[in-house]
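The shown structure was predicted, so the numbers you read here are calculated from the model rather than taken from an experiment.
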Amino acid sequence: MIESNKSVCIIGVFPPPIHGLALVNDAMKNLIVNIDPKSSVFDLSSISLYRTISNISIRFLKFLFIYPKYLFFSFSNKYHTLYLGLSGGFGQFYDLLILLIARITKQRIFIHHHSFSYLNKISSLTYLVMRVAGKNATHIVLCNLMQEKLRAYRKNLSYILLSNSVFLINNTTEISSNRQLKTIGFLGNIS
């Protein structure tokens, strides 16, 4: 039974800048906050999509600001659940530290996987993340292939299959009529 004085902690990257991971994390955040308005949201976004020293520094500074708060509230028993949008690269180091606290404080863990980068090429950092998350963590995966590839890190894992397409059903974007559309592109992981 979930105690009513505890809430959900949501950690990830959110718009801006706008990209697939941020949009899905934002949609999940909105769903969770509608169910549990007391939820805490910690945003680890950088200011742009470019991997520059300033963007890496901004994300590091955000983490240094957020982590002590997360530590304090976790050890104060504020959270019963952690929702984490897992990073695809070195950002998993931050995720690892967050998951460590979630495990120590016995939070229920949901890890939302958005990238095949650490699945197509085995990563020792991802291996540590999966070990620290533990066998009771629930993994939200985009497709059956992603779930199968995760088994390289953990044989018995609990997972929920949730395609990003469910977040696009009611998402409409207006195109400004004063601009001429020059390019249409598609970026995504197809399995």
Side-chain angles (χ1 to χ4, degrees), residues 1-3 6-14 19-29 31-32 35-36 39-45 59-60 63 66-67 70-71 73-75 77-167 187-191:
M1 177 124 182
I2 295 174
E3 297 176 41
K6 292 187 177 185
S7 62
V8 177
C9 182
I10 306 161
I11 300 178
V13 296
F14 304 95
H19 52 88
L21 169 61
L23 288 174
V24 172
N25 280 344
D26 195 47
M28 287 296 292
K29 174 196 72 165
L31 288 171
I32 294 167
I35 295 167
D36 181 7
S39 296
S40 298
V41 178
F42 294 117
D43 184 3
L44 289 172
S45 299
R59 188 159 189 213
F60 177 69
F63 180 78
I66 288 169
Y67 196 65
Y70 178 67
L71 276 169
F73 289 130
S74 292
F75 283 106
N77 283 326
K78 181 178 179 181
Y79 307 126
H80 57 72
T81 302
L82 169 68
Y83 169 85
L84 178 69
L86 191 67
S87 300
F90 183 74
Q92 286 184 1
F93 178 74
Y94 305 134
D95 299 340
L96 178 70
L97 296 175
I98 289 164
L99 288 165
L100 183 62
I101 299 307
R103 279 288 302 279
I104 291 170
T105 58
K106 298 182 178 10
Q107 296 173 40
R108 193 158 177 219
I109 298 171
F110 289 86
I111 301 173
H112 201 151
H113 297 273
H114 299 276
S115 175
F116 275 85
S117 63
Y118 52 87
L119 298 175
N120 291 332
K121 183 179 177 189
I122 298 297
S123 160
S124 56
L125 184 54
T126 304
Y127 180 81
L128 285 172
V129 164
M130 297 294 280
R131 289 293 164 247
V132 168
K135 64 181 180 181
N136 294 325
T138 301
H139 300 269
I140 302 168
V141 297
L142 303 177
C143 60
N144 288 325
L145 178 62
M146 181 174 270
Q147 178 258 327
E148 286 301 319
K149 287 187 173 251
L150 272 173
R151 291 193 189 280
Y153 293 108
R154 183 169 283 288
K155 297 292 180 216
N156 298 321
L157 58 89
S158 173
Y159 72 95
I160 297 169
L161 183 65
L162 181 66
S163 170
N164 285 345
S165 64
V166 300
F167 300 108
L187 298 174
N189 293 321
I190 301 172
S191 64

Value for CD1 (I35) from OG (S7), rounded to nearest 0.5 Å, stands at 13.5 Å

Could you report the tightest heavy-atom contact between S40 and K78, atom names first, then the distance? OG-NZ, 3.2 Å

Sequence neighbours excluded, which residues qualify as salt bridge (charged side-chain N to carboxylate O under 4.0 Å, His left out) partners of K149? none

Can you label the angle between the Y70 ring and the Y79 ring as parallel, tilted or perpendicular, going by 30° and 60°? parallel

Go through the side-chain N and O atoms of R59 and S87 and say whether any donor and acceptor fall under 3.5 Å apart. yes

With the side chain counted from C-beta on, respond yes when K135 and R154 share a heavy-atom pair under 4.5 Å apart, and no when they do not. yes

F116 side, atom CZ; M146 side, atom CE - distance, nearest 0.5 Å: 4.0 Å

I want to check something: taking the side chain as every heavy atom from C-beta on, are I104 and L100 in contact at a cut-off of under 4.5 Å? yes

Inter-residue atom distance I32.CD1 - I10.CD1, 0.5 Å rounding: 4.0 Å

Measure the shortest side-chain to side-chain distance between L99 and L97 over non-hydrogen atoms and say whether it is less than 4.5 angstrom. no

Set of residues satisfying ring-ring contact (aromatic ring centres under 6.0 Å, His included) with respect to H112, sequence neighbours excluded: Y83, H114

Would you say that more than 12 heavy atoms from the other residues, nucleotides or ligands in this model lie under 6.0 Å from the CZ of F63, or not? yes

Can you tell if the side chain of I122 reaches within under 4.5 Å of the side chain of Y153, non-hydrogen atoms only? yes

Given the side-chain rings of F90 and F93, with only the six-membered ring counted for Trp, is the space between their centroids under 6.0 Å? yes

Side chains of L82 and F110: does their closest heavy-atom pair fall under 4.5 Å? no

Pairing residues for T105 by the side chain to side chain contact (heavy atoms under 4.5 Å, CB included) criterion, not counting sequence neighbours: S74, F75, I101, Q107

Shortest non-hydrogen contact from I111 toward A137: CD1-CB, 4.5 Å

Is there a side-chain contact between S158 and T138 in this structure, where contact means two heavy atoms from C-beta onward sitting under 4.5 Å apart? yes

Applying the side chain to side chain contact (heavy atoms under 4.5 Å, CB included) criterion to L84, which one of N25, I140, D95, I109 satisfies it? D95

Rounded at 0.5 Å granularity, tell me how far CE in M130 sits from OG1 in T126. 8.5 Å

From the list I160, V141, L161, side chain to side chain contact (heavy atoms under 4.5 Å, CB included) partner of Q147 resolves to V141

Where does the angle between the aromatic ring planes of Y118 and H113 fall among parallel (under 30°), tilted (30 to 60°) and perpendicular (over 60°)? tilted

Just verifying a value: how many Å separate C9 SG and I98 CD1, rounded to the nearest 0.5 Å? 7.5 Å

So do the side chains of L119 and L150 get within less than 4.5 Å of each other, counting heavy atoms only? yes

Just checking Y67: does its OH atom have more than 12 heavy atoms from other residues, nucleotides or ligands closer to it than 6.0 angstrom? yes

Verdict with supporting geometry, L162 and L142, side-chain contact (heavy atoms from CB on, under 4.5 Å): CA-CA 5 Å; L162 181 66; L142 303 177; over 6 Å; no

Enter the distance from S124:OG to Q92:CD here, rounded to the nearest 0.5 Å. 9.5 Å

Below 4.5 Å, heavy atoms only, C-beta onward: do D36 and H80 meet side chain to side chain? yes

